[in-house]
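Each chain gets a letter, A, B and so on, in the order the sequences are listed, and its residues count up from 1. Predicted model only: the values in this text are computed from it and were never measured.
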There are 2 protein chains.
Amino acid sequence: MTNIKEIAKRAGVSPSTASRALSGKGYVSEEKKRRVLAVAEEFDYAPNLNALSLKTGITRRLGLVAPAFIESVSLFTGGFVRAAEENGYTVTLFMTGSDVFKELEALEALRRKQVDALVFVMFQSELSVIAGYTKYGPIVSWQRIVHENVPSVFMNQYDGYMIALEHLYAQGYRRICNIYGAPIRLNTQSRMEAFQDFCRKYDLDPNACPSFDNMGNTRHGEQMVRWWLENGRIPDAFATTNDRVAAGMVAEARRLGLQIPEDFAVCGFDNLDFADMLDLTTIHYPVNEQAGNAFSIIRNRIEHIDLPLRPLKFHLVQRSTT
Amino acid sequence: MTNIKEIAKRAGVSPSTASRALSGKGYVSEEKKRRVLAVAEEFDYAPNLNALSLKTGITRRLGLVAPAFIESVSLFTGGFVRAAEENGYTVTLFMTGSDVFKELEALEALRRKQVDALVFVMFQSELSVIAGYTKYGPIVSWQRIVHENVPSVFMNQYDGYMIALEHLYAQGYRRICNIYGAPIRLNTQSRMEAFQDFCRKYDLDPNACPSFDNMGNTRHGEQMVRWWLENGRIPDAFATTNDRVAAGMVAEARRLGLQIPEDFAVCGFDNLDFADMLDLTTIHYPVNEQAGNAFSIIRNRIEHIDLPLRPLKFHLVQRSTT
DNA sequence: ATAATTTGTGACATCGATTTCAGGTCAACA
DNA sequence: TGTTGACCTGAAATCGATGTCACAAATTAT
């Protein structure tokens, strides 16, 4: 391989001078500079990034840690990689499958200087474990958490859920059934608060209709429809955990010959790819921009600057299920 | 940072001995080994990977180059990352947005030893440009190409398309309309051949029904349905470019009050995520395993071994649209 | 008893860059 | 004329690991 010494020799200068010529830092006579550049060009010189990383202690590589690369994680990844590449950073993937040990490997990669910083899309580890690694480089989380040294780019789902509820109300639906995810998650708790406040605002009985916990996938949506058909009068509308649950409900309803939104309305959450195909009303939020903010936080810490973060909002995408 | 010199000093040995103790290569007395390991443990030593990469010329990092991270690219990425991580490699992403210049940057990363090898999920560059970089490390393509130095893990879509056609025939459909993608692509040409052979086998007129080119997204599918309603008797069944086109047809048919598969049948291709939600009959192929094969090819070249590749097959996923 | 081999150790070179430092030239200025 | 500062250069140190080599001691083989 042609290294800088080789170039220096062929140009008849010392490596120091060659380095200065190539990097443009420090004094070099016009003539030698020209010669070095010409030789570098001729011999197709490209600096070895590992040498550079070793010398400077900076890799310009960021690690993205996620359980898998599906759905909105892919979106986030795309947004993060774009932001990173635009600023001369590169992104290295760590796929954990929600395995704590794999998460630890990503953290170790930070310690061993394989990457300058990490962004956790989601994690299972104790927050304190992750925070313990911040001394080796910035760590940011997409998952909603509260910790002094580990900033999170989450959005408060209170607002998003409220938009969904207000929309259902505006469409005339009054008996609304909530289908929630895991109650332990802060996002779920925010949604519950939103519902309480919503009922108070419009003077509705929050217990008029039972709500459901720990629902998250298509099968759950299907079950939901069947449960209601067997156990009483179906609600006017459903506010759901996410688009998967909503999709399951729509599919099952169609199979059973029910009309949506006539027999019942459904609002999803996330605005995943397939929501469009299924013509699903849903709540959209800008995953791309969240990823951009995650990158900005990291860059701020690494380069000691102070880029502003973009303020982010939920919005309703109305389609034919409400 | 604690480096190996520090550890050596504290353990009262030379860096060479410390290195031998830690790596387990070469002779070290039991006693010194114990001491070094104890000190390393105590001071939380972790070797600097950049130093290692510089010294050995090996990074154990692979580059994955793709236009964006959506749909099957995500699947491929997931499979590739899993295979890589299982074997102690790490994956770095390069997102090109189909920009030739960005593709070049990925190639340059290979040259500068940021990664040991590259896999192109898709590319726009001249094949010769890419092949020119194989001297810096193995390069594999998912996109179907033919080049001595750039192996490709494509599957011949002749087989997959034939399965679709045979299925439609078995279901009793005789007037079959082909909706193709870009005719310039080898995959499209293979499908056309499959259709010719199919017609010959069952003594059907290949021109009984016009076929369509350059179709690829949901809108195209919708257009297709409307075109047929305006321009003559709708075919018995459609064999489509991919699930997006098929999804568009299904959605539009539903909107227009047509029954599927009674009014016409549709078979997709790819078995994307949403095919399940839309209950779409489609052709599945193992993207994960393709990614695994891509990794195996790379590993074979890097480590000079000869892992076998997994033979891969298409199969039909029958749902309610045929 | 001697030769050959195994075991054990540290000094030093190396990977490929940058950066510090010391020293040199030259022009401008007091 | 002496001083100052800008410009230019190369030797050598540095980043953090590994690996070669020379040398010594202990063990085994002949």
Side-chain angles (χ1 to χ4, degrees), chain A residues 1-37 39-40 43-61 88 108-116 136-137, chain B residues 1-37 39-40 43-61 88 108-116 136-137:
Chain A
M1 292 298 113
T2 51
N3 53 23
I4 200 169
K5 251 188 224 159
E6 181 80 13
I7 300 299
K9 200 197 301 177
R10 297 209 190 256
V13 301
S14 72
S16 332
T17 303
S19 170
R20 280 188 291 257
L22 262 1
S23 71
K25 312 181 141 184
Y27 297 118
V28 193
S29 68
E30 266 314 307
E31 204 243 324
K32 297 207 169 170
K33 185 168 191 165
R34 231 180 357 80
R35 241 162 53 208
V36 169
L37 261 33
V39 173
F43 288 86
D44 222 25
Y45 169 74
N48 182 314
L49 291 181
N50 296 313
L52 230 140
S53 296
L54 172 59
K55 178 65 176 148
T56 61
I58 290 169
T59 63
R60 292 191 87 83
R61 239 176 280 131
E108 282 296 309
L110 178 62
R111 190 151 80 97
R112 294 161 142 235
K113 303 199 170 300
Q114 178 156 53
V115 294
D116 293 337
Y136 301 113
Chain B
M1 290 299 115
T2 51
N3 54 23
I4 200 168
K5 249 188 226 157
E6 180 80 12
I7 300 299
K9 201 197 298 172
R10 297 209 189 255
V13 301
S14 71
S16 329
T17 303
S19 170
R20 278 188 294 257
L22 290 166
S23 70
K25 311 180 142 186
Y27 297 114
V28 194
S29 67
E30 267 313 308
E31 204 243 323
K32 298 206 171 172
K33 185 169 192 168
R34 231 178 357 81
R35 242 163 49 212
V36 169
L37 260 34
V39 173
F43 288 86
D44 223 25
Y45 169 73
N48 182 312
L49 290 180
N50 296 313
L52 230 143
S53 296
L54 171 58
K55 178 62 176 152
T56 62
I58 290 169
T59 63
R60 291 193 86 83
R61 237 176 283 130
E108 281 295 310
L110 178 61
R111 190 152 81 97
R112 294 160 143 236
K113 302 201 172 299
Q114 179 156 52
V115 293
D116 294 336
Y136 302 112

**OP:** Find the bend of the helix from C:dA1-D:dT30 to C:dA30-D:dT1 as the angle between its two terminal axes (five pairs each), to the nearest 10°.
**Re:** 50°
Can you measure [X] atom [atom1] to [N] atom [atom2] for me and round it to whole angstrom units?
{"X": "A:Glu6", "N": "C:dA17", "atom1": "CD", "atom2": "P", "result": "11 Å"}
{"X": "B:Glu31", "N": "C:dT9", "atom1": "CD", "atom2": "C1'", "result": "13 Å"}
{"X": "A:Lys33", "N": "D:dC7", "atom1": "NZ", "atom2": "P", "result": "13 Å"}
{"X": "A:Lys9", "N": "C:dG16", "atom1": "NZ", "atom2": "P", "result": "13 Å"}
{"X": "A:Ile4", "N": "D:dA11", "atom1": "CD1", "atom2": "P", "result": "14 Å"}
{"X": "A:Lys32", "N": "D:dC7", "atom1": "NZ", "atom2": "P", "result": "17 Å"}
{"X": "A:Arg112", "N": "D:dA17", "atom1": "CZ", "atom2": "C1'", "result": "12 Å"}

Nearest non-hydrogen partners of [X] and [Y], listed with the distance:
{"X": "B:Leu110", "Y": "B:Gly137", "result": "CD2-O, 3.9 Å"}
{"X": "B:Arg61", "Y": "B:Ser53", "result": "NH2-OG, 4.1 Å"}
{"X": "A:Ala18", "Y": "A:Val13", "result": "N-CG2, 4.0 Å"}

Subject >> Listed once per pair and sorted, the salt bridge (Lys or Arg N to Asp or Glu O under 4.0 Å) pairs that draw on residues 43-58 of chain B, sequence neighbours left out >> reply: A:Arg111-B:Asp44
What residues, two or more places apart in sequence or in another chain, satisfy side-chain contact (heavy atoms from CB on, under 4.5 Å) together with [X]?
{"X": "A:Lys5", "result": "A:Asn3, A:Pro15"}
{"X": "A:Ala21", "result": "A:Val28, A:Lys33, A:Val36"}
{"X": "B:Ser23", "result": "B:Lys25"}
{"X": "B:Ser19", "result": "B:Ile4"}

Going by salt bridge (charged side-chain N to carboxylate O under 4.0 Å, His left out), name the residues that satisfy it together with [X], two or more places apart in sequence or in a different chain.
{"X": "A:Arg10", "value": "A:Glu6"}
{"X": "B:Arg60", "value": "B:Glu303"}
{"X": "A:Glu31", "value": "A:Arg35"}

Is there any protein nitrogen or oxygen under 3.5 Å from a nitrogen or oxygen in nucleotides 23-26 of chain D, and what are the pairs?
none

Subject >> For DNA chain D, the residues among residues 47-60 of chain A that have a non-hydrogen atom under 4.0 Å from it >> reply: A:Leu54, A:Lys55
**OP:** Name every residue in residues 15-30 of chain A that has at least one heavy atom under 4.0 Å from any atom of DNA chain D, in order of residue number, or write none if there are no such residues.
**Re:** A:Ser16, A:Thr17, A:Arg20, A:Tyr27, A:Val28, A:Ser29
**OP:** Check for a donor-acceptor pair, side chain of B:Asp116 on one end and backbone N or O of B:Thr59 on the other, with a separation under 3.5 Å.
**Re:** yes
Subject >> B:Asn48 side chain vs A:Lys113 backbone, donor-acceptor pair below 3.5 Å >> reply: no
